[in-house]
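Here is the structure we will look at.
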Amino acid sequence: AQSVTQPDIHITVSEGASLELRCNYSYGATPYLFWYVQSPGQGLQLLLKYFSGDTLVQGIKGFEAEFKRSQSSFNLRKPSVHWSDAAEYFCAVAPGGYQKVTFGTGTKLQVIP
Amino acid sequence: GAGVSQSPSNKVTEKGKDVELRCDPISGHTALYWYRQSLGQGLEFLIYFQGNSAPDKSGLPSDRFSAERTGGSVSTLTIQRTQQEDSAVYLCASTQGHGNTEAFFGQGTRLTVV
């Protein structure tokens with residue numbers, strides 16, 4: 001069965017600084033990969049997804065993520081963080097076919113002025 | 001419907017009582033998930049329904065928890081003999097079923113056991 005690890009439970013960055021949130025997965029083949037964001041008091045929203053092709057994918061709100069097969073990683077990045085990016089971020093992995101999506105435990109991002 | 005709908009949005013119950021939480025997925029979505037999000041915690045998988053297949057109940061924390069999905073659409077999560085540690089936000093999500101499709105989440109039900 002697949003698994004997802006988000007090693008950082010909580011990250012604090014200054015507004016305007018760059019951001020990288022880590023995600024590692026365990027699966028025998030290349031899965032489908034997702035990042036979701038949960039803003040305070042809101043539901044989860046899809047940021048971006050990777051299925052195949054270009055390993056650097058662009059998402060909403062200026063986020064991007066890079067799939068690295070050799071490292072089994074799908075890290076989320078943003079060059080300059082805004083205060084409104086403070087939220088909880090979840091990485092998710094899904095095998096092909098009609099199989100269960102597995103979510104990581106999340107990384108809570110705090111943005112300081 | 002336009003999105004995943006959960007009801008009630010808030011529920012306060014006394015310890016020992018049973019509660020039912022409802023999820024209306026997006027029409028046509030064959031897969032439905034329940035998650036629990038305790039204060040300050042991440043997503044805890046509870047149960048997964050996919051079409052007419054037997055549900056994946058591997059995340060249910062105890063036999064006090066159960067869920068059903070009627071007619072491949074609406075789902076009800078039931079917690080019997082609630083305990084204070086059951087207090088959390090219960091989230092429901094649905095997808096078109098295939099792994100490459102986006103999961104759409106409801107706003108959740110905040111359960112408080114007093």
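Bear in mind that the values here come from a model prediction, so they are computed numbers and not experimental data. No hydrogens, no waters, no symmetry mates; every other heavy atom, side chains included, goes into these values. Order of the sequence lines fixes the chain letters, A, B, ..., with proteins taken first and strands second; residue numbering starts at 1 for each chain.
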inquiry  = Would you say CD1 of A:I9 has more than 12 non-hydrogen atoms from neighbouring residues, nucleotides or ligands within 6.0 angstrom?
reply    = no

note = dist B:L43:CG -> A:E88:CD (nearest 0.5 Å) comes out at 7.5 Å

message = Tell me if the centroids of the rings in B:Y48 and A:F103 come within less than 6.0 Å of each other.
response = no

query = Can you tell me if CD on B:E85 sees more than 12 non-hydrogen neighbours from other groups inside 6.0 Å?
reply = yes

task = Would you mind reporting whether B:F105 and A:Q45 have side-chain heavy atoms less than 4.5 Å apart?
result = no

query = For the atom pair OG1 (B:T101) and CG (A:L46), what is the distance rounded to the nearest 0.5 Å?
reply = 10.5 Å

request  = Measure distances from A:Y50 to the heavy atoms of chain B and classify the residue's part below 4.5 Å as side chain, backbone, both or neither.
outcome  = neither

ask   = Is A:L33 reachable from A:F63 through a run of hydrophobic residues whose side-chain heavy atoms are each under 4.5 Å from the next?
value = yes

key: B:I47-A:L44 co-clustered via ILVMFWY side chain contacts under 4.5 Å   = no

key: Contact winner vs chain A - B:A103, B:G51, B:S53, heavy-atom pairs under 4.5 Å   = B:A103

ask   = Do the side chains of A:Q38 and B:L91 get nearer than 4.5 Å, heavy atoms only?
value = yes

Closest heavy-atom pair and its distance - A:F90, B:Q37 = CZ-NE2, 3.6 Å

task = Look at the side-chain heavy atoms of Ile, Leu, Val, Met, Phe, Trp and Tyr, link any pair under 4.5 Å apart, and say whether B:F65 and B:V89 land in one connected group.
result = no

ask   = Given that the side chain runs from C-beta out, which part of A:Q99 has a heavy atom under 4.5 Å from chain B: side chain, backbone, both or neither?
value = backbone

Per-residue contact mode, B:F104 against chain A (heavy atom under 4.5 angstrom) = neither

query = Is any side-chain heavy atom of A:V101 closer than 4.5 Å to a side-chain heavy atom of B:Y33?
reply = yes

Which portion of B:Q50 sits near chain A, non-hydrogen atoms under 4.5 angstrom = side chain

query = If you group Ile, Leu, Val, Met, Phe, Trp and Tyr by side-chain heavy-atom gaps below 4.5 Å, do B:Y35 and B:I79 land in one group?
reply = no

key: Linked, directly or transitively: A:F51 and A:F67 (ILVMFWY side chains, under 4.5 Å)   = no

